[in-house]
Amino acid sequence: MDNSSAPVVVVLDGPAGTGKSTVSREIASQLGLSFLDTGAMYRAMTYWLLTNGVEVDDADAVAVASAKPAIVSGTDAGTPTITVDGVDVSTPIREQPVTAAVSAVSAVPEVRDRLVELQRESALAAPRGIVAEGRDMGTVVFPRADLKVFLTASAETRAARRAAQLGVTDETEIAAILTDINRRDAADSSRATAPLRKADDAVEVDTSEMSPDQVVAHIIGLVRDRAAARLG
Ligand code: DC
């Protein structure tokens with residue numbers, strides 16, 4: 001960090017299973033910044049739509065309904081929270097029905113407009129700054145971020161990590177996770193609104209052969225280099 005009081009914005013984008021959440025949270029903790037998992041917000045919206053009987057493949061119905069739920073994402077890196085209409089949804093948003101439907105929901109422009117506004121409000125409210133992770137942080141939400149990182153890893157590495165997170169060891173189930181990751185990446189990268197894309201000024205980091213600690217240390221090094229360059 002530099003010595004100025006201006007809050008710092010660090011963004012991490014990339015496909016599923018690159019370790020974005022773990023790494024972003026740890027960077028936020030070590031630097032004393034707030035933390036925002038924007039995927040959790042798209043998942044929370046999806047969960048609310050599913051539990052309120054909205055047909056998630058009907059973009060018009062999703063667009064209208066998306067104004068209704070009150071989604072609140074806590075930004076404390078130590079204890080991230082996510083609630084919808086005051087109810088903690090941190091467990092169900094990680095389950096299969098939400099994972100299967102979230103790409104369709106996150107392709108709807110009205111959903112994105114609403115959540116992007118909440119994401120920018122969170123950053124403005126962060127006293128020292130924020131580490132935000134997602135798919136369009138560097139391209140759309142925080143185009144003037146102090147540091148943009150685009151995380152990648154091979155699809156096989158990403159599937160193995162997701163499986164480990166879920167405690168899955170069966171080969172067939174791991175293959176199904178890989179298929180699902182590839183499907184979601186294709187959908188997220190090809191949608192018309194705010195597709196998953198590396199910002200022109202983002203630093204790409206391939207995490208395939210790196211431990212989470214190594215990725216954290218590398219990115220904190222990049223943050224410090226930027227701060228030093230700013231102080232000149
Ligand atoms: O990071 P995640 O797997 O929890 O994200 C869930 C989905 O949300 C992902 O398939 C794409 C979408 N998403 C998005 O469109 N934009 C973001 N900034 C974050 C997530």
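Keep in mind it's a predicted model, so treat the numbers as computed, not measured. Both counts, for ligands and for their atoms, begin at 1 and track the order of listing.
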When you compare the side chains of [X] and [Y], does any donor N or O come within less than 3.5 Å of an acceptor on the partner?
X	Y	answer
Tyr42	Arg112	yes
Arg161	Thr207	yes
Ser21	Glu133	yes
Ser103	Asp188	yes
Thr99	Arg43	yes
Ser208	Asp206	yes

Side-chain ion pair, [X] and [Y], N-O less than 4.0 Å:
X	Y	value
Lys148	Asp201	yes
Arg197	Asp13	no
Asp185	Arg158	yes

Is it the side chain (CB and beyond), the backbone, both or neither of [X] that lies under 4.0 Å from ligand 1, heavy atoms counted?
X	answer
Glu133	neither
Met41	neither
Arg191	side chain
Arg135	both
Arg183	neither

Does ligand 1 come near enough to Tyr42 that some N or O of the ligand is less than 3.5 Å from an N or O of the residue?
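So ligand 1 has no N or O lying under 3.5 Å from an N or O of Tyr42.
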
Is the shortest side-chain heavy-atom distance between Asp225 and Leu147 below 4.5 Å?
no

Closest non-hydrogen protein atom to [atom], residue and atom name please, with distance?
atom	answer
atom 4 (O) of ligand 1	Arg43 NE, 2.7 Å
atom 20 (C) of ligand 1	Gly39 CA, 3.5 Å
atom 12 (C) of ligand 1	Ser106 OG, 3.6 Å
atom 11 (C) of ligand 1	Asp188 OD2, 3.3 Å
atom 19 (C) of ligand 1	Thr38 OG1, 3.4 Å

Which of the numbered atoms in ligand 1 are under 4.0 angstrom from any heavy atom belonging to [X]?
X	value
Arg94	4 (O)
Met137	18 (N)
Arg184	3 (O), 6 (C), 7 (C), 9 (C), 10 (O)
Gly134	18 (N), 19 (C)
Ser103	10 (O)

If you look at every heavy atom in Met210 and Gln214, which pair is closest and at what distance?
CA-OE1, 3.3 Å

First locate atom CG of Leu49, then atom NZ of Lys68, and finally report the distance between them rounded to the nearest 0.5 Å.
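Spacing of CG (Leu49) from NZ (Lys68) equals 9.5 Å.
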
For atom 7 (C) of ligand 1, which candidate among Val102, Asp180, Asp136 provides the closest heavy atom?
Val102

4.0 Å heavy-atom contact, Arg112 with ligand 1
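It does, in that a heavy atom of Arg112 comes within the 4.0 Å cut-off of ligand 1.
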
Could you tell me whether ligand 1 has any atom less than 4.0 Å away from a heavy atom of Met45?
no

